[in-house]
There are 2 protein chains.
Amino acid sequence: MKIKKEVTIYDLAKELNYSPSTISRALNNHKSISKKTIKLIKEAAAGMGYRPNNLAAGLRNNKSNTIGVLISRINRPFMASLISGIEETARKAGYNVLISQSNDMYENEVSNCNALYDSRITGLIVSLSMETVDMAHFQKFIDQGIPIVFVDRVPDNFNSYKVVIDNYTAGYSATKHLIDQGCTRIAHFAGAQHRNIYEERKKGYLDALRESGLPIRDELIIHFKTLSFEEGNKATKKLLKMPEPPDGIFSANDTAAVSAIMCAKKMGVEVPQELAVIGFNDDPIASIMQPSLSTVSHPASKMGAISAKRILNHSGQNYDADLTEITVLGTEIIVRDSSLKRTRMLRSKTS
Amino acid sequence: MKIKKEVTIYDLAKELNYSPSTISRALNNHKSISKKTIKLIKEAAAGMGYRPNNLAAGLRNNKSNTIGVLISRINRPFMASLISGIEETARKAGYNVLISQSNDMYENEVSNCNALYDSRITGLIVSLSMETVDMAHFQKFIDQGIPIVFVDRVPDNFNSYKVVIDNYTAGYSATKHLIDQGCTRIAHFAGAQHRNIYEERKKGYLDALRESGLPIRDELIIHFKTLSFEEGNKATKKLLKMPEPPDGIFSANDTAAVSAIMCAKKMGVEVPQELAVIGFNDDPIASIMQPSLSTVSHPASKMGAISAKRILNHSGQNYDADLTEITVLGTEIIVRDSSLKRTRMLRSKTS
DNA sequence: TTGTAGGCGTTATCAT
DNA sequence: ATGATAACGCCTACAA
């Protein structure tokens with residue numbers, strides 16, 4: 001097939017009897033060009049079907065108008081909403097979004113990192129893989145003055161922009177809520193402890209128990225690898241078979257919390273009467289399952305938007321100093337049926 | 001801050017006493033370069049921290065190693081899995097993925113289309129917005145020999161690659177299943193009829209009724225704009241208040257089906273005994289809610305992988321001919337509790 | 001306000 | 001097997 005020749009600023013220049021530089025300036029709204037000329041040139045450009053070549057502009061500027069995103073998996077409600085927030089904000093500012101998923105594997109994270117770097121992205125937004133410990137693969141961005149925003153799963157040994165929620169308080173409040181409901185043997189589904197968000201949630205859990213004078217029982221703290229449905233199922237089965245089973249579970253994510261409820265049901269354990277459950281994230285499923293799942297809100301889309309804005313605002317600032325700008329968002333406990341031991345008002349309300 | 005000078009093939013050339021061309025060829029595994037030299041050069045490149053510049057290579061080749069994705073919304077289970085499938089396949093082949101969401105608005109689709117074009121993507125994967133009717137914005141890709149793969153929500157007045165499921169058969173089978181369960185007044189939640197996937201599902205529904213000798217009642221066919229939870233809720237309420245309410249609903253997506261079940265519960269209508277429901281997509285929620293939702297499988301990730309492969313395999317072939325290569329995937333009815341009127345085996349099985 | 005010219009990093013062509 | 005050179009499209013000092 002014949003491929004149509006693309007229109008360049010040279011073609012426009014010839015057509016309109018201007019120099020290419022004037023065309024270029026006009027298209028970029030350069031102040032030295034009169035409104036009239038700009039309008040004329042832009043209309044001609046549109047008429048001739050001109051489309052800018054980001055590759056050429058990017059090469060010239062050594063930077064593409066692109067934000068890179070590096071996450072574990074796209075098809076998780078939290079991540080999908082995070083990306084959605086990033087995309088929306090970036091798009092409005094005329095930026096594109098390049099995505100990549102590590103599937104929670106360090107090796108993938110490194111190679112995706114390189115792939116994004118090779119595309120000369122304007123900035124990088126990262127939620128670390130479960131495995132990642134070493135952070136060397138991010139250094140080259142810093143060396144080039146390319147801003148990195150870590151979001152949700154952030155490192156604590158690397159200075160950069162960070163966007164997180166207050167995981168400690170969230171963990172504390174979630175646990176406190178269960179205690180308020182009368183739970184005394186509260187289990188915790190903990191995430192990988194080298195990811196500080198999970199460490200913080202657990203700390204909040206521990207402190208809530210301590211403050212209430214409840215004993216900390218190691219056998220009720222289950223350390224998960226990925227907080228998957230399967231892991232949750234297995235853990236719950238084991239817990240409920242204990243001589244003194246827990247009467248409450250605080251899970252570090254909704255997926256595992258849901259599996260706990262389903263497992264309990266199957267084993268004939270009533271939720272919330274015999275076992276109260278609270279999750280984390282407020283996935284869509286939380287409000288729909290029955291009993292509906294109490295959980296902690298996690299403003300995914302907003303975190304994405306903030307992360308993108310960080311990149312957009314960065315432009316040329318230097319942030320390699322030992323300066324770490326952290327944005328901490330609040331969360332709230334969303335009380336639904338799965339943790340309401342005492343009163344049962346709102347029973348059928350979807351929330 | 002000081003920005004480190006980036007290493008280019010010229011630096012490598014100087015360092016190794018080769019010409020830039022040789023370096024370039026070696027890095028691209030050109031056959032005229034000996035294995036030994038390639039190894040030498042690649043090792044030096046890695047040692048010196050060389051990273052290729054996709055922008056420059058892309059400009060030179062007038063094509064970036066990037067696949068563009070244009071969808072309605074990322075944070076929908078089907079879409080997230082679709083993207084995930086695309087990303088995984090693209091990544092393995094060394095391609096990047098640029099995403100954009102239209103939020104189901106025509107105007108956004110057009111401008112995103114342009115933004116992706118400006119980045120000189122290798123190929124475009126599209127699931128049309130609900131609004132889109134005119135297809136002119138895609139023409140420029142065809143003119144440049146850039147392949148387009150339409151997936152799921154595809155046009156029927158535009159020749160290109162397409163990846164779809166057999167919506168007619170799916171709609172037929174879903175409806176037939178309800179009939180087999182003894183339903184005689186089956187309602188249908190239909191999507192926007194100018195999107196052929198919804199038209200096909202409806203056709204299947206109608207034919208299933210006809211073949212079974214059941215009357216087609218217009219008042220039981222509800223046309224939705226977006227098949228949202230709210231729309232589903234409203235429609236269900238109206239249906240159940242009819243003098244002769246339906247005893248079955250075939251919804252063109254799971255979201256609306258879930259809302260139907262929840263609405264029915266609230267109104268004291270038993271599912272499936274009084275009202276059987278079957279959805280479409282097999283969203284994660286379908287197997288977890290109670291009663292679990294019968295639905296039609298929709299191989300999102302696989303469709304994404306196939307779409308990406310289409311682009312990767314295209315390389316230079318001409319497909320502007322009046323040739324439309326369509327890949328049709330099969331689906332299957334997933335029977336769960338929400339439609340099992342008669343027998344109740346497997347009651348507590350999650351599916 | 002507009003034009004000229006050089007270069008961003010890479011690769012393909014042509015030559016050796 | 002390797003090298004020299006031009007070109008991809010755009011932007012921006014510098015000049016006018």
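A note on names: the letters A, B, ... follow the listed sequences, proteins ahead of strands, and every chain is numbered from 1. Here the structure is a predicted model, which means the values were calculated and not measured.
Among the heavy atoms of the strands, none lies under 4.0 Å from Asn62(B).
For the ring-ring contact (aromatic ring centres under 6.0 Å, His included) condition, no pair includes a residue of residues 5-26 of chain A, sequence neighbours left out. Counting only residues at least two apart or on different chains, no ring-ring contact (aromatic ring centres under 6.0 Å, His included) pair has a member in residues 47-71 of chain B. Note on residues 86-127 of chain A: pairs passing ring-ring contact (aromatic ring centres under 6.0 Å, His included), not counting sequence neighbours, are Tyr106(A)-His137(A), Tyr117(A)-Phe141(A).
When the shell of 6.0 Å around NZ of Lys302(B) is examined, it contains 12 or fewer heavy atoms from other residues, nucleotides or ligands. Few gaps surround CD on Gln139(A); more than 12 heavy atoms of other groups in view lie less than 6.0 Å from it.
Between the OH atom of Tyr117(A) and the C1' atom of dG9(C) there is a distance of 13 Å, rounded to whole Å. The CD1 atom of Ile9(B) sits 12 Å away from the C1' atom of dA12(C) (whole-angstrom rounding). When rounded to the nearest whole Å, the span between CG of Asn61(B) and P of dA12(C) equals 6 Å. When rounded to the nearest whole Å, the span between CG of Asp118(B) and P of dC8(D) equals 19 Å. Rounded to whole angstrom, the span from the CG atom of Leu59(A) across to the C1' atom of dT10(C) amounts to 8 Å. Atom CG in Asp11(B) sits roughly 11 Å away from atom C1' in dG9(C) (whole-Å rounding). In this structure, Arg120(A) atom CZ and dC8(C) atom C1' are separated by 11 Å, rounded to whole Å. Put simply, NZ on Lys31(B) is 13 Å from C1' on dA12(C), counting in whole angstrom units.
Along DNA chain D, the nucleotide nearest to His30(A) and the one nearest to Tyr10(B) differ in position, and the one closer to the 5' end is contacted by Tyr10(B).
Side-chain contact, Glu6(A) with Asn53(A): no donor N or O sits under 3.5 Å from an acceptor N or O. Side chain to side chain, Ser119(A) and Asn54(B) meet the donor-acceptor criterion of an N or O pair below 3.5 Å. With hydrogens and angles left out, the side-chain atoms of Ser129(A) and Asn108(A) include no donor and acceptor closer than 3.5 Å.
A heavy atom closer than 4.0 Å to some atom of DNA chain D occurs in Ser21(A), Ser24(A), Arg25(A), Asn28(A), these being the qualifying members of residues 14-28 of chain A. Residues from residues 33-50 of chain A that place a heavy atom under 4.0 Å from any atom of DNA chain D, listed by number: Tyr50(A).
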Name every donor-acceptor pair, under 3.5 Å, that has one atom in a side chain of residues 145-156 of chain A and the other anywhere in the protein, sequence neighbours excluded.
| residue | atom | partner | partner atom | Å |
| --- | --- | --- | --- | --- |
| Asp152(A) | OD1 | His298(A) | NE2 | 3.2 |
| Arg153(A) | NE | Leu128(A) | O | 3.0 |
| Arg153(A) | NH2 | Asp104(A) | OD1 | 2.5 |
| Arg153(A) | NH2 | Leu128(A) | O | 3.2 |

